Amino acid sequence: MAKVGVLMPVSMQKAIFSEASRNELEAAAQVKWNPTDVQFSDEEAAAFLQDCEVSIGSWRTPKPTKPILEACPSLKLWEHAAGSVKGFFTDDLRGSDIMIASCAPAIGKTVAEMVLGEMIIGLRRIIPNAQSNQTEFRAPVPNKLYLAASTVGIIGASQVGRYFLQLVRPFGPKVLLYDPYITQEAAAELGATKVDTLMELCEQCDAITMHTPMTDSTRRMMGAEQFQAMKDDAVFINSSRGGCIDEQALIAELEKGRLFAFLDVSDPEPAEMSNPIRTLPNCIYTSHLAGGQSYHIGQQAVEDVKAFLNGAKPKMVVTWDMLDRLA
Ligand SMILES: NC(=O)C1=CN([C@@H]2O[C@H](COP(=O)(O)OP(=O)(O)OC[C@H]3O[C@@H](n4cnc5c(N)ncnc54)[C@H](O)[C@@H]3O)[C@@H](O)[C@H]2O)C=CC1
Ligand SMILES: O=C(O)C(=O)CO
């Protein structure tokens, strides 16, 4: 039987593998589970995977770097039980025969669904209304915004961004898309209008959701100028990577009572206990809940590994074309 090494710490294993998918994997292969709840170092991962043909990792495990690959010559598949392919797979993999599969299709759906919920909660001011009614009846906080009457902005026509677009379109908002890598025609086919600058998107939207990878071109792309350009009562959602925004600049606007933010990610992660994003009344911080904690992911990982062991293809095989397309 092929040997499969599961790198994730125990708490993450519990979050993504149901008992049924664990059993399914164990029926198909000889499985070694990381027995600890700490993130392996590269050296520990290399030792753990030494005799394995398949590694199951995620964004909370070491990347498949050259030292790991060289120490583990039997590895043939690296199953990335996560979505973020860009930034995770390093140039060390070029020329290697190892196959990389990603659970992006499963993850994209869970993130998009959470963003949709947050956007509605944010636009409708559900949280401040509920809070102001906890001790006595108060008239609702004025609520002129709902999806059908809003302009929604998406930064990054990524897997997640596209799933979100599919979910939000039936509600009828106007959708603007900022992504320099897609054409106006491609944006129109998705049902959105491409804007040429991020500032245009910030100025026009009632709600903005961010879905870019963490790269040199996206680092802190939402900065002071962009947050200041947003409408006072706009909703800002970031479930991409904490480093894609200037968190201090966002906090400065939130402290003025402007904007309502939902942050699933921070830089570093998790956010310090003293970080105002945890306590500001107009900010909800969910500490990487959007995509990372769902049985769908473990199920897709198991199906991918089983397919691979049976000589078939995992659902999403990552190619250099995909990675090189993104600066
Ligand atoms: N919070 C969570 O649990 C999860 C977070 N993520 C994060 O969500 C983000 C999106 O993930 P995927 O959908 O897999 O991404 P993807 O790799 O499918 O797409 C990235 C998109 O960003 C666009 N892009 C690149 N540079 C840009 C720029 N400078 N300006 C605007 N657009 C730019 C690209 O054209 C591409 O369409 C990633 O940062 C990923 O790490 C993904 C899954 C779960
Ligand atoms: O796949 C990713 O990028 C994640 O953040 C996991 O939820």
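Every heavy atom of this structure was used, including side-chain atoms; hydrogens, water molecules and symmetry mates were not. Model, not experiment: these values are computed from the prediction.
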Distance-minimising heavy-atom pair for [X] and [Y]:
{"X": "A29", "Y": "V4", "answer": "CB-CG2, 3.5 Å"}
{"X": "S102", "Y": "E79", "answer": "C-OE2, 4.5 Å"}
{"X": "A46", "Y": "A71", "answer": "CB-CB, 3.9 Å"}
{"X": "L7", "Y": "A45", "answer": "CD2-CB, 4.0 Å"}
{"X": "C103", "Y": "A81", "answer": "SG-CA, 3.7 Å"}
{"X": "M8", "Y": "N34", "answer": "O-CB, 3.3 Å"}

Rounded at 0.5 Å granularity, tell me how far [atom1] in [X] sits from [atom2] in [Y].
{"X": "L280", "Y": "Y285", "atom1": "CG", "atom2": "OH", "value": "14.0 Å"}
{"X": "H80", "Y": "D304", "atom1": "NE2", "atom2": "CG", "value": "12.0 Å"}
{"X": "T110", "Y": "Y295", "atom1": "OG1", "atom2": "OH", "value": "14.0 Å"}
{"X": "I237", "Y": "F164", "atom1": "CD1", "atom2": "CZ", "value": "6.5 Å"}
{"X": "I277", "Y": "T286", "atom1": "CD1", "atom2": "OG1", "value": "9.0 Å"}
{"X": "E44", "Y": "Q39", "atom1": "CD", "atom2": "CD", "value": "10.5 Å"}

For residues [X] and [Y], determine if any side-chain heavy atom of one lies less than 4.5 Å from a side-chain heavy atom of the other.
{"X": "N275", "Y": "I251", "answer": "yes"}
{"X": "D246", "Y": "Q226", "answer": "no"}
{"X": "I284", "Y": "E118", "answer": "no"}
{"X": "V54", "Y": "L309", "answer": "yes"}
{"X": "F236", "Y": "M210", "answer": "yes"}
{"X": "W78", "Y": "V318", "answer": "no"}
{"X": "H296", "Y": "Q300", "answer": "no"}
{"X": "W320", "Y": "L93", "answer": "yes"}

Side chain [X], main chain [Y], donor-acceptor under 3.5 Å:
{"X": "R125", "Y": "D233", "value": "yes"}
{"X": "T218", "Y": "C244", "value": "no"}
{"X": "S239", "Y": "L263", "value": "no"}
{"X": "S132", "Y": "P128", "value": "yes"}
{"X": "E203", "Y": "A229", "value": "no"}
{"X": "D179", "Y": "G156", "value": "no"}
{"X": "R162", "Y": "L190", "value": "no"}
{"X": "K194", "Y": "I182", "value": "yes"}
{"X": "R278", "Y": "E272", "value": "yes"}
{"X": "T36", "Y": "V38", "value": "yes"}

Is it true that [X] and [Y] fall in one hydrophobic cluster, defined by side-chain heavy atoms closer than 4.5 Å?
{"X": "F171", "Y": "L176", "value": "no"}
{"X": "F17", "Y": "I107", "value": "yes"}
{"X": "L145", "Y": "L259", "value": "no"}
{"X": "L254", "Y": "I121", "value": "no"}
{"X": "V168", "Y": "V235", "value": "yes"}

Check the orientation of H288 and W59. Use parallel for under 30°, tilted for 30 to 60°, and perpendicular for over 60°.
parallel
Going through the distances and angles, do K256 and E253 end up as a salt bridge (Lys or Arg N to Asp or Glu O under 4.0 Å)?
CA-CA 5 Å; K256 291 180 203 159; E253 294 311 298; 2.7 Å; yes
Determine whether the side chains of T65 and D92 contain a donor N or O and an acceptor N or O closer than 3.5 Å.
no
Would K231 and D206 count as a salt bridge (Lys or Arg N to Asp or Glu O under 4.0 Å) here? Give the steps.
CA-CA 7 Å; K231 297 179 185 178; D206 302 299; 2.9 Å; yes
Just one of T212, L250, L198 clears the side chain to side chain contact (heavy atoms under 4.5 Å, CB included) bar with M222, so which one?
L198
Are D264 and M114 close enough, and set up right, to give a side-chain contact (heavy atoms from CB on, under 4.5 Å), and what steps lead you there?
CA-CA 10 Å; D264 192 53; M114 181 153 147; 3.7 Å; yes
Counting only heavy atoms not in E113, do more than 12 sit closer than 6.0 Å to its CD atom?
no
Can you establish whether the number of heavy atoms outside E225 located under 6.0 Å from its atom CD is more than 12?
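It does not: E225 CD has 12 such atoms or fewer within range.
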Using the rule given for side-chain contact (heavy atoms from CB on, under 4.5 Å), can you reason through S287 versus E269, listing the C-alpha separation, both sets of side-chain angles and the distance that settles it, and then say yes or no?
CA-CA 8 Å; S287 199; E269 282 195 351; over 6 Å; no
side-chain contact (heavy atoms from CB on, under 4.5 Å) between Y163 and V111, worked out:
CA-CA 9 Å; Y163 281 126; V111 178; over 6 Å; no
Check whether F308 forms a cation-pi arrangement with K76 (NZ or CZ under 6.0 Å from the six-membered ring centre, at most 45° off the ring normal).
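No, a cation-pi geometry is absent between K76 and F308.
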Is there a side-chain contact (heavy atoms from CB on, under 4.5 Å) between F260 and I127 once you walk through the steps?
CA-CA 10 Å; F260 198 104; I127 291 164; 4.0 Å; yes
